2 protein chains.
Amino acid sequence: MVKIVDVAEAAQVSVATVSRALNNNARVDPVLVERVREAAERLGYRPNAVARNLRRQGTRVWALIITDINNPFYTAVARGVEDRAQEAGYSVLLCNTDEDQAKEDRYLQVAAQERVAGVILAPRSTVSDTSILEANGIPLVVVDRQLDREADFITGASFEGAVMATEHLIREGWQRPACITRPSDTDTTEQRRKGYEDVVRRHGLPETVRHVPFHTDGGVSAIRELFDGDDPPDSLLTVDSMLALGALTEVQRRGLRPGRDVGIIGFDDAVWTTVVDPPLSVVAQPAYEIGAEAARLLVRRIRGLGPATPQTLIMSTTLILRGSSRRVRRR
Amino acid sequence: MVKIVDVAEAAQVSVATVSRALNNNARVDPVLVERVREAAERLGYRPNAVARNLRRQGTRVWALIITDINNPFYTAVARGVEDRAQEAGYSVLLCNTDEDQAKEDRYLQVAAQERVAGVILAPRSTVSDTSILEANGIPLVVVDRQLDREADFITGASFEGAVMATEHLIREGWQRPACITRPSDTDTTEQRRKGYEDVVRRHGLPETVRHVPFHTDGGVSAIRELFDGDDPPDSLLTVDSMLALGALTEVQRRGLRPGRDVGIIGFDDAVWTTVVDPPLSVVAQPAYEIGAEAARLLVRRIRGLGPATPQTLIMSTTLILRGSSRRVRRR
DNA sequence: TTGTAAGCGTTATCAA
DNA sequence: TTGATAACGCTTACAA
């Protein structure tokens, strides 16, 4: 592996000059610069980033820690983060925790040990422990789900989205909307549940809520019990796209048709929402923009800019009405 | 930021002893080990991985470079890689190239500079240049798409999968299957096209092939032209899940029903294949296992084990028959 | 078993 | 403008 001394020797200059020439920092004789460039090129020299990071006391790498790489919401966030990171000269280490708190802890530890320049985290729960970052002076931006502790935080308007969705269902004439949500230590989905409850309560309708663990069948069994029980719902609000898939699966199994026999509305506009029949109504989040804003804020934090106190940014969600939430009279 | 000397001072020992105690290498007096552990704990000491990597001349990080983070095939591969990597004590840097050769080059450069322990690459094209890894002695395992140069390579049986799929379509009675594929410098999809052509040729049927660039509408416009042209196809083989989505979109727009008016079969068993109506037939690849095997091979390469010459592993694909490829007589 | 000190490959300081 | 050299924080001979 060719190193800086080899280049220096080949170009007949000191290592200091090689370093300066290649990092075009201070003024270096253009003739030497050319000689160094040529030698480096010829030898195939690649600066050792590990040594550089040690000396510079900092890396050009971020860790982006998400809970589910198969959730299109998070992959869209990741693209937003990545595009902005690249612009700012950072590489992104994408880490998938699989909704596993232990994995999240491990990744936070790795991030701290590798001295990444910053972390963007979608925490497993509201009590995720990020103190290790604080202890090592690593800036943190939280996305999607809020933490108990104060931190920069960017998310979609979950509560408002759920309110819009639930009100829409009721306006369409559905009388018994149920909410299929995630475990109650997950901030964002709790916001959605609360939005739902707020509306049904205001309308004097019964509240029906089911909490579905991650890593299950997308809520199929929970939804089945719901329909098999007393007072089955006539419509469903699901808080993420996997749960919407589960709802569609169970509804189809029962021979019910969305938009006629049952109303369905989900969160997040996955690629498949327009090819199911009827197409799925959703509350869409600006996922890419959430990622991009998180990255923008992280850059400011790394540079020591931005407001003194942690900032919260709630980006508005959009109700996309398609066939699944309508209520067409049976003929 | 607390470093090893701080711990040494607090524990009243030398830095060497701290290092040895924490890495439980050589024999260290248990009493001292305990004292060091306690001091490290109390001070919140985190070894600086950058310094460690420099000294050890090696990192515990892999780069996994994929072309599309939104393609469920690649995310499944990533999970396979990650699980195995974790077992072997490595962290995975997931890099998304967006089918952009320049981005791929940049990531390869970053990987080389950061001196990652190994790289798993799904290359953009057959001519991707990985020489920078070779030059730095970084082991490489190629997944999904083959390179022109020799390298360890793991993929699904694309050709055979396409053969199975096409033969199935013909057996169902479809007379004019068309193949919707990706640009011809993409190895895997070319294999699928060839499998398709092999079968239709053998049956004396016309070959109809369309190459769809990445980053488009999932082939909707190409498929539209196909149906609007002379000799429209009566069935479709699509080589990835985004193209299947495009096919479904256009077919629905035309008011055709898969499994009756048109046969459709795709590649990769995405989560949504069972909720469309009728469910989508697919050639499923063992994506998780491809990732896991790639990781397993990479570990062997890093340890200097494994066969002397590059290895190729082709994992078998499975035909999953659902409604979309049937041919039910119109009544 | 423990401590001293060299060295990993860079960058930045200081003197020339 | 250039060169010699001291760090950066850790691991590991080598010596004690």
Side-chain angles (χ1 to χ4, degrees), chain A residues 1-37 39-40 43-61 109-110 112-117 135-138, chain B residues 1-37 39-40 43-61 109-110 112-117 135-138:
Chain A
M1 206 161 323
V2 35
K3 31 195 200 176
I4 202 168
V5 282
D6 303 323
V7 179
E9 201 167 324
Q12 309 263 51
V13 294
S14 72
V15 292
T17 301
V18 174
S19 176
R20 282 189 289 248
L22 261 28
N23 294 297
N24 43 350
N25 291 350
R27 43 220 83 257
V28 180
D29 185 337
V31 178
L32 292 188
V33 172
E34 190 38 50
R35 229 160 69 200
V36 169
R37 283 255 159 78
L43 300 178
Y45 169 66
R46 297 286 151 196
N48 182 327
V50 176
R52 166 181 291 176
N53 293 339
L54 178 59
R55 173 62 231 223
R56 285 197 178 153
Q57 295 283 80
T59 64
R60 298 295 284 176
V61 174
Q109 230 175 76
V110 170
Q113 295 195 171
E114 296 286 345
R115 303 297 196 261
V116 299
N136 289 77
I138 298 174
Chain B
M1 204 157 327
V2 34
K3 27 194 202 176
I4 202 169
V5 282
D6 303 323
V7 179
E9 202 166 325
Q12 309 262 52
V13 294
S14 72
V15 291
T17 301
V18 174
S19 176
R20 283 188 286 247
L22 261 29
N23 294 299
N24 42 351
N25 290 349
R27 40 220 88 255
V28 180
D29 185 338
V31 178
L32 292 188
V33 172
E34 190 38 50
R35 229 160 69 199
V36 169
R37 284 256 159 77
L43 300 178
Y45 170 67
R46 296 287 151 197
N48 182 327
V50 176
R52 164 183 293 176
N53 293 340
L54 178 59
R55 171 64 229 225
R56 286 199 178 151
Q57 294 284 80
T59 64
R60 300 295 286 177
V61 174
Q109 227 174 80
V110 171
Q113 296 195 171
E114 296 286 344
R115 303 296 195 261
V116 299
N136 290 77
I138 299 174

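Just so it is clear, the model here is predicted, and its values are computed rather than measured.
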Does [N] have OP1 or OP2 under 4.0 Å away from a side-chain N or O of [X]?
| X | N | result |
| --- | --- | --- |
| B/Tyr45 | D/dC10 | yes |
| A/Gln57 | C/dT11 | no |
| B/Thr17 | C/dG3 | yes |
| B/Ser14 | C/dT2 | no |

Between the axis at one end of the helix from C/dT1-D/dA16 to C/dA16-D/dT1 and the axis at the other (five pairs apiece), what's the angle to 10 degrees?
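Answer for the end axes of this duplex: 40°.
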Can you measure [X] atom [atom1] to [N] atom [atom2] for me and round it to whole angstrom units?
| X | N | atom1 | atom2 | result |
| --- | --- | --- | --- | --- |
| B/Glu114 | C/dT10 | CD | P | 13 Å |
| A/Arg60 | C/dT10 | CZ | P | 18 Å |
| A/Lys3 | C/dG7 | NZ | P | 11 Å |
| A/Leu32 | D/dT1 | CG | P | 11 Å |
| B/Glu9 | D/dC10 | CD | P | 14 Å |
| B/Arg52 | D/dC10 | CZ | C1' | 8 Å |
| A/Gln113 | D/dC10 | CD | P | 10 Å |
| B/Leu54 | D/dC8 | CG | C1' | 9 Å |

Return the polar atom pairs (N/O with N/O) between nucleotides 12-16 of chain C and the protein under 3.5 Å, or none.
from: C/dA12; atom 1: O4'; to: A/Arg55; atom 2: NH2; distance (Å): 3.1

Return the nearest nucleotide to the side chain of A/Ile4; candidates are C/dC8, C/dG3, C/dT10.
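The answer is C/dT10, which lies nearest to the side chain.
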Selection from C/dT10, D/dT2, D/dG9 that lies nearest to any side-chain heavy atom of B/Asn48:
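Looking only at side-chain atoms, B/Asn48 lies closest to D/dG9.
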Earlier contact from the 5' end, DNA chain C, for A/Ala51 and B/Asp29
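By nearest-heavy-atom nucleotide position, the 5'-most residue is B/Asp29.
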Are any of the side-chain heavy atoms of [X] and [Y] separated by less than 4.5 Å?
| X | Y | answer |
| --- | --- | --- |
| A/Glu9 | A/Leu43 | no |
| A/Val61 | A/Glu114 | no |
| B/Arg115 | B/Asn53 | no |

Find the distance between CZ (A/Arg60) and CD (B/Gln113) and round it off to the nearest 0.5 Å.
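It is 12.5 Å, given to the nearest 0.5 Å.
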Nearest 0.5 angstrom please: B/Thr59 OG1 to B/Ile138 CD1, how far?
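Rounded to the nearest 0.5 Å, the OG1-CD1 separation comes to 8.0 Å.
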Which atom names give the shortest non-hydrogen contact between B/Ala39 and B/Ala10, and what distance separates them?
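Closest pair (atom of B/Ala39, atom of B/Ala10, distance): CB-CB, 4.0 Å.
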Taking all non-hydrogen atoms of both residues, which atom of A/Ala40 and which atom of A/Leu22 are closest, and how far apart?
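Minimum heavy-atom contact is CB-CD2, 4.4 Å.
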Any side-chain to backbone donor/acceptor pair from B/Asp29 onto B/Val31? Under 3.5 Å, distance only.
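The answer is yes, because a donor-acceptor pair under 3.5 Å joins these two groups.
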Donor-acceptor under 3.5 Å (B/Arg35 side chain, B/Ala11 main chain)
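Answer holds: yes.
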Categorize A/Val5 for me: base, sugar-phosphate, or nothing, with a 4.0 angstrom heavy-atom threshold over every strand shown.
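Answer is nothing: A/Val5 stays at 4.0 Å or more from every strand.
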Tell me what A/Asn53 touches on the nucleic acid: a base, only sugar-phosphate, or nothing, going by heavy atoms under 4.0 Å.
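Answer is nothing: A/Asn53 stays at 4.0 Å or more from every strand.
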Stepwise side-chain contact (heavy atoms from CB on, under 4.5 Å) check, A/Val13 with A/Arg20
CA-CA 11 Å; A/Val13 294; A/Arg20 282 189 289 248; over 6 Å; no
